[in-house]
Visitor: 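Right, I'll just put the structure down here and ask away after.
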Amino acid sequence: MSGPGTRRTTMSTRDTEAAPPYRYTAAMAGEIERRWQDRWTERGTFHAPNPAGPMRPSDGAAVPEDKLFVQDMFPYPSGSGLHVGHPLGFIATDVFARYHRMNGRNVLHTMGFDAFGLPAEQYAVQTGTHPRTTTEDNIVRYLAQLRRLGLGHDERRRIATTDIGYYRWTQWIFLQIFNSWYDTDADRARPISELEQQFASEQRSTPDGQPWAQLSTAEQRAVINEYRLVYLSEAPVNWCPGLGTVLANEEVTPEGRSDRGNFPVFRKNLKQWMMRITAYVDRLVDDLERLDWSDKIKAMQRNWIGRSHGARIRFPVQTGIGETAGIDVFTTRPDTAFGATYMVLAPEHPLVSAITAHHWPSDVDATWTGDGDTPTEAVAEYRRQASQKSELDRQENRDKTGVFLGVHATNPATGEPIPVFIADYVLMGYGTGAIMAVPGQDQRDWDFAEAFGLPIVRTVAPPDDFAGQAYVGEGPAINSANSEISLDGLAVDEAKKAITEWLEATGHGEGTVQYKLRDWLFARQRYWGEPFPIVYATEGDTAGQPVALPESELPVVLPDVEEYAPAAFDPDDASTEPAPPLAKATDWLEVELDLGDGPRTYHRDTNVMPQWAGSCWYQLRYIDPANDEAMCDPANERYWMGPRPELHGDEDPGGLDLYVGGVEHAVLHLLYSRFWHKVLYDLGHVSSEEPYRRLYNQGYIQAFAYTDSRGMYVPAEEVEEREDGDFWQGQPVRREYGKMGKSLRNAVSPDDMSERYGADTLRLYEMSMGPLEASRPWATKDVVGAHRFLQRLWRNLVDESTGELRVVDDEPGVETLRALHRTIAGVHEDFAGLRYNTGAAKLIELNNHVTKTYGGRAGTPRSVAEPMVLMLAPLCPHLAEELWSRLGHSVGENRGSLAHGPFPEADAEYLLEETTEYPIQVNGKVRSRVVVATSAGEDEVRSAALSEERIAELVAGGEPRKVIVVPGRLVNVVL
RNA sequence: GCCCCCGUAGCCCAACCGGCAGAGGCAGGUCCCUUAAAAGGAUCCCAGUGUGGGUUCGAGUCCCACCGGGGGCACCA
């Protein structure tokens with residue numbers, strides 16, 4: 001009889017017979033891991049005390065001055081759970097936190113959830129399940145997966161952005177920003193009340209000059225609203241019918257589609273909430289220099305902000321009805337103004353209609369008219385065509401097109417008339433939407449000039465051997481003089497300075513700075529997000545004006561609604577309008593409030609905040625998660641995040657000590673978060689000027705994926721790698737490489753790896769497969785190497801057949817002590833520098849030495865075993881705790897846990913060898929070697945090398961030209 | 001098109017300020033244990049650093065050009 005039951009019995013009997021009973025197997029690892037995870041929870045091992053509030057030390061002791069705040073970019077709890085790529089950063093921060101905790105620092109490390117977001121909402125739309133239910137179920141699942149990895153989080157500090165107790169403070173911060181304005185003189189945000197005082201005391205005059213006191217309440221409010229850091233504006237925004245919401249610029253891809261979901265995005269004029277991030281633009285750029293971030297991320301932020309210095313120049317032009325208007329252009333090259341031979345406006349430029357001529361000049365060039373009978377006609381047709389071009393069309397087709405407006409402007413530098421065109425290579429969204437075209441020094445202008453037969457004048461002399469068209473490099477100015485000024489002969493920088501002074505003196509323009517960054521569109525017409533703490537009066541002269549709720553009205557809780565969907569829109573239908581789901585929550589919508597002028601009826605704002613809101617400030621809530629009085633006690637913020645110039649230099653902006661996450665948030669989360677933090681700093685709520693002092697971007701774990709002959713993905717797990725190729729179920733498959741996930745059918749789950757090897761093995765493998773910042777391929781077959789190492793280490797300390805400790809009190813030999821202390825010194829450096837791959841290699845090397853030396857003896861000397869276990873602990877904490885406790889540390893301080901140390905210190909005595917072997921090179925090639933005392937001076941080493949037999953032979957009695965001695969390294973004899 | 005990063009053994013990766021190319025793991029070979037097997041033990045094998053120049057006593061490391069891979073930006077005035 002052979003049923004499934006019989007078979008299983010046979011196999012398990014075999015297993016138990018085969019493996020010694022006390023071997024470190026996956027089953028034993030699992031048992032050890034669960035046991036220590038329970039102990040850590042019971043004992044609150046990773047609870048980090050705060051200086052103030054409920055988390056201050058229970059015995060009244062002061063918190064250690066030496067602290068470390070480590071943070072991961074918190075995950076969105078998706079329905080598909082974690083794959084082995086996700087925890088790479090989580091494990092890395094855990095190792096870092098554990099290492100520093102063992103070295104006596106007070107370490108804050110926890111993890112929460114970025115739990116508002118589209119997937120739960122879309123699932124709700126499909127199934128009717130409340131997004132909160134889906135979200136909370138997913139969080140439970142994530143927590144189980146995270147727990148299994150043995151992450152040493154302070155679980156008291158977990159938050160989810162969807163917790164009402166959390167988003168109450170997100171709303172509070174919104175109100176702080178709403179109730180602030182940017183004082184450009186003081187270069188900081190200030191409370192709105194101070195602006196009101198300035199108006200009331202006439203220290204500041206109103207925009208139209210009317211005395212403040214004569215304005216009605218509604219008028220006063222309207223004036224104030226224009227200054228707020230959050231404001232409503234009617235402007236072209238990114239409308240995404242496919243998502244039913246508007247989006248921020250940062251959420252739209254270069255192809256003009258939504259970052260999430262890849263739906264088409266249309267420009268549409270809508271009234272929307274904006275955050276005045278542009279007020280902080282200079283500080284956001286300049287303070288990058290004070291941050292310990294990779295150059296790559298800094299470059300991406302600088303790029304996005306796009307600050308360029310240049311000048312604004314006004315070109316006079318006659319309108320169609322004979323009036324003089326001015327076309328403002330922005331240029332980074334005012335020095336080339338003498339070479340501006342024509343002008344171009346963006347097709348959407350507001351001046352176009354006003355200045356377009358009614359008739360073509362008699363001598364008009366046929367290629368300039370776009371086949372229109374009149375300029376008006378040609379312009380209308382060109383505008384129509386331009387509006388229909390998608391972003392992609394624009395990028396793919398870079399042939400220069402445009403039409404002449406039939407008018408000329410005057411180049412203020414030369415005084416010459418120059419023709420004015422519209423062309424779609426000039427964008428309305430950047431600068432002033434108009435350019436002076438300088439074909440001699442700009443390739444785009446050159447291309448257009450060639451297509452339209454326009455004159456080209458060089459104003460910078462290219463080098464003699466220059467063979468290109470437009471010349472954008474350095475060189476002396478030429479052809480650049482009028483009766484008042486000459487730039488000729490000046491270098492580019494000098495010429496810019498000189499012309500800018502002349503422009504300012506003559507009123508033709510002025511030096512200015514231009515940015516690509518635009519204000520942050522902050523509202524979403526979705527359900528699953530934070531409601532705005534804003535209401536509007538329904539009657540009276542202030543009706544329709546936004547009014548901030550007082551703090552006492554917080555939180556504004558998200559109401560339940562019948563329909564979660566914003567509305568079903570055709571993703572390609574640009575004519576649709578946002579229809580927020582909250583507008584349908586009628587009971588919630590209307591509210592009776594007394595906001596200072598008696599009870600009145602208000603209706604609530606129906607927008608919700610974007611997902612980025614909650615992640616803008618979560619580090620502050622980790623610090624003080626249970627605080628009901630404030631988002632965060634200032635004493636706690638100062639301790640965990642305050643500047644420490646004595647450690648980090650005078651320019652230290654403060655912020656948490658290590659932030660690890662993927663590079664994909666370079667211009668979204670990381671920019672928004674810095675902005676909010678700076679507002680909070682200006683308003684005095686935090687002592688740090690930046691949220692994240694040090695940022696480290698981990699690489700991605702990718703994996704091979706396989707497609708069959710039809711191009712369909714097959715489960716990567718089941719693919720056989722053979723010498724003649726890769727096969728799945730006998731058929732050949734093609735190998736690809738990409739992100740791990742469901743769509744490529746190549747995801748590997750951490751639970752599965754824990755099942756097969758234990759979480760410690762998984763942790764060790766992930767940390768040793770390469771440097772943290774590098775992306776690399778996952779290879780399940782390699783995991784066994786990490787497991788074997790742990791088995792060997794276990795075997796060096798525990799008898800596999802009896803379970804007895806095999807550790808002796810003998811003194812280790814000097815070779816072993818040298819190996820040990822070299823390892824200790826190296827591991828310290830590697831762990832502190834996040835180089836876990838080399839740290840792990842050093843531990844394996846030491847263990848190999850121990851195996852070789854003591855494997856055949858009665859046991860491993862305790863004085864080697866203990867430090868080895870302690871050094872392993874940050875990487876493989878469960879196994880290390882288990883061995884540490886078996887080594888007899890089960891009682892006493894820290895109740896036998898090594899989580900708080902000690903961590904071994906290297907003894908300098910064993911780091912230096914008594915003798916050093918020097919390789920001896922002759923003309924750069926190693927010919928021999930010689931052993932001398934480490935303490936030997938250069939001369940001794942030199943003579944030892946020269947008197948070495950083979951070298952003496954090669955030198956053969958002559959005088960070497962040169963002998964180079966590199967102390968501790970080598971000797972090179974040059975003949 | 002422009003900018004940044006990376007090319008070291010069959011594979012993943014080490015190599016400090018330029019100083020003996022190899023720490024570690026996978027795969028492979030041989031042997032041991034074993035009726036057999038491996039997630040056991042021992043041991044061995046493997047490249048001259050993408051290519052071509054240059055600087056240097058000496059280059060994986062610095063410089064130049066090119067090739068290949070990855071990423072960012074892209075008609076930004």
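Residue numbers begin at 1 in each chain, while the letters A, B, ... track the order of the sequences. Keep in mind the model is a prediction, meaning the values are calculated, not measured.
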Visitor: Pick the P atom in B/rC16 and in B/rA21, then give their distance to the nearest Å.
Guide: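 Taking atom P in both B/rC16 and B/rA21, they lie 13 Å apart.
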
Visitor: Can you tell me the pairing partner of B/rG68 across any strand shown, Watson-Crick or G-U wobble, with both distances under 3.5 angstrom?
Guide: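 Its partner is B/rC6.
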
Visitor: Does any nucleotide pair with B/rG48 by Watson-Crick or G-U wobble geometry, both distances under 3.5 Å, and what is it?
Guide: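 Looking at the geometry, B/rG48 pairs with no nucleotide.
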
Visitor: Expressed as a whole number of Å, how far does the C1' atom of B/rA42 sit from that of B/rG50?
Guide: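 Per the computed distance, 37 Å lies between those C1' atoms.
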
Visitor: Would you indicate, yes or no, if B/rG41 has its OP1 or OP2 atom less than 4.0 angstrom from a side-chain nitrogen or oxygen of A/Arg788?
Guide: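 So the side chain of A/Arg788 is outside the cut-off, no N or O lying under 4.0 Å from OP1 or OP2 of B/rG41.
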
Visitor: Centroid-to-centroid, A/Tyr765 to A/Trp778, below 6.0 Å?
Guide: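 Between A/Tyr765 and A/Trp778, the centre distance is under 6.0 Å.
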
Visitor: Do the side-chain N or O atoms of A/Arg792 get closer than 4.0 angstrom to the phosphate oxygens (OP1, OP2) of B/rG25?
Guide: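 Yes, within the criterion.
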
Visitor: Mind checking the P distance from B/rG69 to B/rA37? Whole angstroms is fine.
Guide: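 The same atom, P, in both gives a distance of 44 Å.
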
Visitor: Just name whichever nucleotide pairs with B/rC73, Watson-Crick or G-U, keeping both distances under 3.5 Å, else none.
Guide: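 Matched B/rC73 with B/rG1 under the 3.5 Å cut-off.
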
Visitor: Taking the side chain of A/Ile844 as heavy atoms from C-beta outward, which of B/rA77, B/rG24, B/rG40 is closest to it?
Guide: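 Nearest to the side chain of A/Ile844 among the choices is B/rG24.
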
Visitor: Tell me: OH of A/Tyr854 to P of B/rA42, nearest whole Å?
Guide: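 Going from A/Tyr854 (OH) to B/rA42 (P), I get 16 Å.
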
Visitor: Mind telling me whether B/rC63 is syn or anti, cutoff 90° either side of 0?
Guide: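 It is anti.
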
Visitor: With a 3.5 Å cut-off and just heavy-atom distances, do the side chain of A/Asn972 and the base of B/rC57 make a donor-acceptor pair?
Guide: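 Donor-acceptor pair under 3.5 Å: yes.
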
Visitor: Using the C1' atom as the point on both nucleotides, what is the distance between B/rC11 and B/rC33, in whole Å?
Guide: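 Straight-line distance between the two C1' atoms is 30 Å.
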
Visitor: Considering only B/rC26, B/rC20, B/rA14, which nucleotide approaches the side chain of A/Thr838 most closely?
Guide: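 Closest nucleotide among those given: B/rA14.
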
Visitor: On a whole-Å scale, what distance lies between the C1' atoms belonging to B/rG25 and B/rC17?
Guide: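 Going atom to atom, C1' in each nucleotide, I get 29 Å.
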
Visitor: Please determine whether a side-chain nitrogen or oxygen atom of A/Asn837 lies at a distance below 4.0 Å from atom OP1 or OP2 of B/rG25.
Guide: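 So the side chain of A/Asn837 is outside the cut-off, no N or O lying under 4.0 Å from OP1 or OP2 of B/rG25.
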
Visitor: Is B/rA42 paired to anything, Watson-Crick or G-U wobble with both distances less than 3.5 Å, and if yes, which nucleotide?
Guide: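 The base-pairing partner of B/rA42, which may sit in any strand shown, is B/rU30.
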
Visitor: Are A/Thr860 and A/Asn796 linked by a side-chain donor-acceptor pair shorter than 3.5 Å?
Guide: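 On atom types as modelled, these side chains do not qualify, holding no pair under 3.5 Å.
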
Visitor: Is the distance between the ring centroids of A/Phe452 and A/Phe421 less than 6.0 Å?
Guide: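 Yes: the rings meet the under 6.0 Å criterion.
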
Visitor: Check whether the side chains of A/Asn746 and A/Tyr706 place a donor and an acceptor atom closer than 3.5 Å, and report yes or no.
Guide: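 No.
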
Visitor: Where does B/rG48 land, syn or anti, once you apply the within-90°-of-0 test for syn?
Guide: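 Syn conformation here, the glycosidic angle of B/rG48 being no more than 90° from 0.
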
Visitor: Expressed as a whole number of Å, how far does the P atom of B/rA9 sit from that of B/rU51?
Guide: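 10 Å, rounded to whole Å.
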
Visitor: Taking atom P in both B/rC64 and B/rC3, compute the distance separating them and give it to the nearest angstrom.
Guide: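 It comes out at 12 Å once rounded to the nearest Å.
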
Visitor: For A/Glu845 and A/Thr823, does a side-chain donor sit closer than 3.5 Å to a side-chain acceptor?
Guide: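 Side chains of A/Glu845 and A/Thr823: no pair found under 3.5 Å.
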
Visitor: Could you work out the separation of B/rC32 and B/rA38 based on their C1' atoms and round it to a whole Å?
Guide: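 Each nucleotide's C1' atom is 14 Å from the other's.
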
